[in-house]
Protein chains: 2
Amino acid sequence: MSDTPDQEAVARVWSAMYDLVLRQEDRRKEVAETLGVSFFRVKALRRLLAGPKTMRELTADLSTDKPYTTLMVDDLEQRGYVTRSVSPDDRRSKIVTLTPAGTAAAEAAERILARPPRSMLALDPGDLATLDRIMTSLRTPS
Amino acid sequence: MSDTPDQEAVARVWSAMYDLVLRQEDRRKEVAETLGVSFFRVKALRRLLAGPKTMRELTADLSTDKPYTTLMVDDLEQRGYVTRSVSPDDRRSKIVTLTPAGTAAAEAAERILARPPRSMLALDPGDLATLDRIMTSLRTPS
DNA sequence: TACAATAATTATATTCGCATAACTAAATAC
DNA sequence: GTATTTAGTTATGCGAATATAATTATTGTA
């Protein structure tokens with residue numbers, strides 16, 4: 001009955017959302033070109049905005065492998081976006097920290113990615129409020 | 001006043017949508033692994049579901065370059081997913097067409113990608129209908 | 001007919017991300 | 001106190017995607 005969701009509507013909504021994010025408003029190339037590094041490196045910088053991380057944590061966050069993290073951090077270090085320091089707790093661990101330049105780059109990426117679609121800015125205020133409420137509920141799976 | 005959109009709400013909504021599509025429900029790896037080809041090739045197959053395309057059109061659709069399209073179509077042809085044929089209109093052009101196996105693969109990809117998030121299936125019917133209406137309006141930029 | 005433009009291919013090089021194995025240094029367990 | 005585990009690095013190779021130049025075949029045009 002009413003607790004059976006309208007499969008077609010769900011499919012339509014999901015497809016529209018997917019399309020909007022990945023087809024109409026895909027800014028990954030723009031971000032990578034603006035910062036002059038690959039999108040994957042941008043992702044690393046953005047993760048570090050939340051605070052310094054060990055190589056191990058960064059590897060897990062990006063779901064990549066340790067050797068590649070080493071190479072990538074080497075590169076980001078050379079570009080002056082991050083620094084590596086030995087952890088005071090565990091001298092095996094190294095802590096990767098954003099430099100001011102790295103923070104600026106990550107924030108520039110955030111700004112580009114956060115820029116909403118034009119159509120969303122034109123939404124009716126009531127619809128926007130409703131959408132806000134619904135999206136919040138979707139984000140955290142019930 | 002009311003025609004000034006709530007910037008914060010817009011940002012929140014867009015971020016939630018971006019997150020849902022790219023973080024929580026990213027099926028690109030799953031699709032690529034299931035079909036045994038890169039996601040980029042999957043994208044090519046999916047584009048061909050709409051009908052045969054020339055190499056040139058496919059190149060434009062995927063925003064790649066002609067040499068790479070040649071290589072990719074070579075590969076898809078070897079795998080039995082597409083065929084190449086000379087265009088009757090312009091003998092310089094080649095038309096890329098999905099084989100039955102290619103169509104099946106593309107449809108399998110569609111099914112995986114179209115699978116909506118669990119949280120969306122649990123939506124209140126009224127909210128779903130509203131979301132459906134709003135997403136439709138967002139998809140086609142006003 | 002000669003010349004320019006277009007569609008596709010071939011060849012070559014580079015970057016990026018992924019994977020694996022081998023290694024060093026430090027911490028932990030027995 | 002020796003053995004094992006863990007964090008990170010080094011080395012090597014591979015496939016995917018991008019880029020550029022050169023070539024062939026065909027079409028369109030001066």
Side-chain angles (χ1 to χ4, degrees), chain A residues 22 26 28-48 52-79 81-97 105 109, chain B residues 22 26 28-48 52-79 81-97 105 109:
Chain A
L22 278 172
D26 188 0
R28 287 174 296 180
K29 255 180 197 166
E30 184 187 344
V31 169
E33 277 166 19
T34 302
L35 301 207
V37 299
S38 73
F39 187 72
F40 196 67
R41 272 143 229 241
V42 173
K43 204 170 164 185
L45 293 175
R46 293 174 65 215
R47 292 301 175 97
L48 289 170
K53 286 185 194 299
T54 63
M55 296 293 285
R56 188 182 172 283
E57 289 167 333
L58 198 54
T59 300
D61 267 22
L62 301 172
S63 50
T64 181
D65 45 276
K66 285 188 289 183
Y68 190 63
T69 304
T70 295
L71 290 181
M72 192 176 53
V73 172
D74 282 351
D75 179 54
L76 292 176
E77 205 174 16
Q78 278 190 331
R79 290 171 192 270
Y81 286 161
V82 302
T83 56
R84 247 189 278 232
S85 58
V86 174
S87 166
D89 300 333
D90 183 340
R91 290 178 53 204
R92 288 171 303 179
S93 281
K94 298 208 177 149
I95 295 176
V96 185
T97 309
Chain B
L22 278 171
D26 190 357
R28 287 174 297 179
K29 254 180 196 165
E30 184 186 344
V31 169
E33 277 166 18
T34 302
L35 301 207
V37 298
S38 72
F39 188 70
F40 196 67
R41 271 145 230 242
V42 172
K43 205 170 163 184
L45 294 176
R46 292 173 66 215
R47 291 302 174 98
L48 289 171
K53 286 184 193 301
T54 64
M55 295 294 284
R56 189 183 172 282
E57 290 168 331
L58 197 54
T59 300
D61 267 23
L62 301 173
S63 51
T64 181
D65 44 276
K66 283 190 288 184
Y68 190 63
T69 304
T70 295
L71 290 181
M72 193 177 52
V73 172
D74 282 351
D75 179 53
L76 292 176
E77 205 174 15
Q78 277 189 330
R79 290 171 193 269
Y81 286 160
V82 303
T83 56
R84 247 189 279 233
S85 57
V86 175
S87 164
D89 300 334
D90 183 341
R91 291 178 51 204
R92 290 170 302 180
S93 284
K94 297 209 177 149
I95 296 175
V96 185
T97 309

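A note on names: the letters A, B, ... follow the listed sequences, proteins ahead of strands, and every chain is numbered from 1. What you are looking at is a predicted structure, and each value in this text was computed from that prediction instead of being measured.
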Exercise. Rounded off to whole Å, could you give me the CZ-to-P distance for the A/Phe39 and C/dG17 pair?
Key: 11 Å

Quiz item: Whole-Å distance between C/dA7 C1' and B/Asp89 CG?
Solution: 14 Å

Practice problem: Take A/Ser38 and A/Pro88, find for each the nucleotide of DNA chain C with the closest heavy atom, and name the residue whose nucleotide sits nearer the 5' end. | Solution: A/Ser38

Can you list everything that forms a side chain to side chain contact (heavy atoms under 4.5 Å, CB included) with [X]? Sequence neighbours excluded, please.
X: A/Ala105; answer: A/Leu35, A/Leu45, A/Tyr81
X: B/Thr64; answer: B/Phe40, B/Thr59, B/Leu62, B/Tyr68, B/Thr69
X: B/Thr34; answer: B/Glu30, B/Ile112
X: A/Thr70; answer: A/Met55, A/Asp74, A/Arg84

Practice problem: Can you sort out the partners of A/Lys94 under salt bridge (Lys or Arg N to Asp or Glu O under 4.0 Å), two or more places apart, ordered by chain and number? | Solution: none

Quiz item: With nearest nucleotides of DNA chain D determined for A/Asp90 and A/Asp74 from heavy-atom distances, which residue corresponds to the more 5′ nucleotide?
Solution: A/Asp90

Quiz item: Nucleotide range of DNA chain D contacted by chain B, 5' to 3', under 4.0 Å to a heavy atom?
Solution: D/dA16 to D/dT27

Practice problem: For A/Lys66, report the nucleic acid contact type (base, sugar-phosphate, nothing); a contact means any heavy atom under 4.0 Å. | Solution: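 Answer is base: heavy atoms of A/Lys66 come under 4.0 Å of a base.
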
Quiz item: With sugar-phosphate meaning primed atoms plus P, OP1 and OP2, does B/Ser93 contact a base, only sugar-phosphate, or nothing at under 4.0 Å between heavy atoms?
Solution: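 Since only primed, P, OP1 and OP2 atoms lie under 4.0 Å of B/Ser93, the category is sugar-phosphate.
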
Partners meeting side-chain hydrogen bond (donor to acceptor under 3.5 Å, both in side chains) with [X] (sequence neighbours left out):
X: B/Lys43; answer: none
X: A/Ser38; answer: A/Arg41
X: B/Asp65; answer: none
X: A/Arg91; answer: none

Quiz item: When you measure from every atom of DNA chain D, which of residues 52-60 of chain A have a heavy atom less than 4.0 Å away?
Solution: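 Contacts with DNA chain D under 4.0 Å: A/Thr54, A/Met55, A/Arg56.
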
Quiz item: Looking only at heavy atoms, which two atoms of B/Leu48 and B/Val82 are closest? And how far apart?
Solution: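 In terms of heavy atoms, the two residues are closest at CD1-CG1, 3.9 Å.
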
Quiz prompt | Under 4.0 Å protein heavy-atom contacts per nucleotide of nucleotides 18-25 of chain C, with B for base, S for backbone only and - for none | solution = BBBB----

Exercise. Determine yes or no for a side-chain-to-main-chain donor-acceptor pair under 3.5 angstrom, with A/Arg47 supplying the side chain and A/Leu58 the backbone.
Key: no

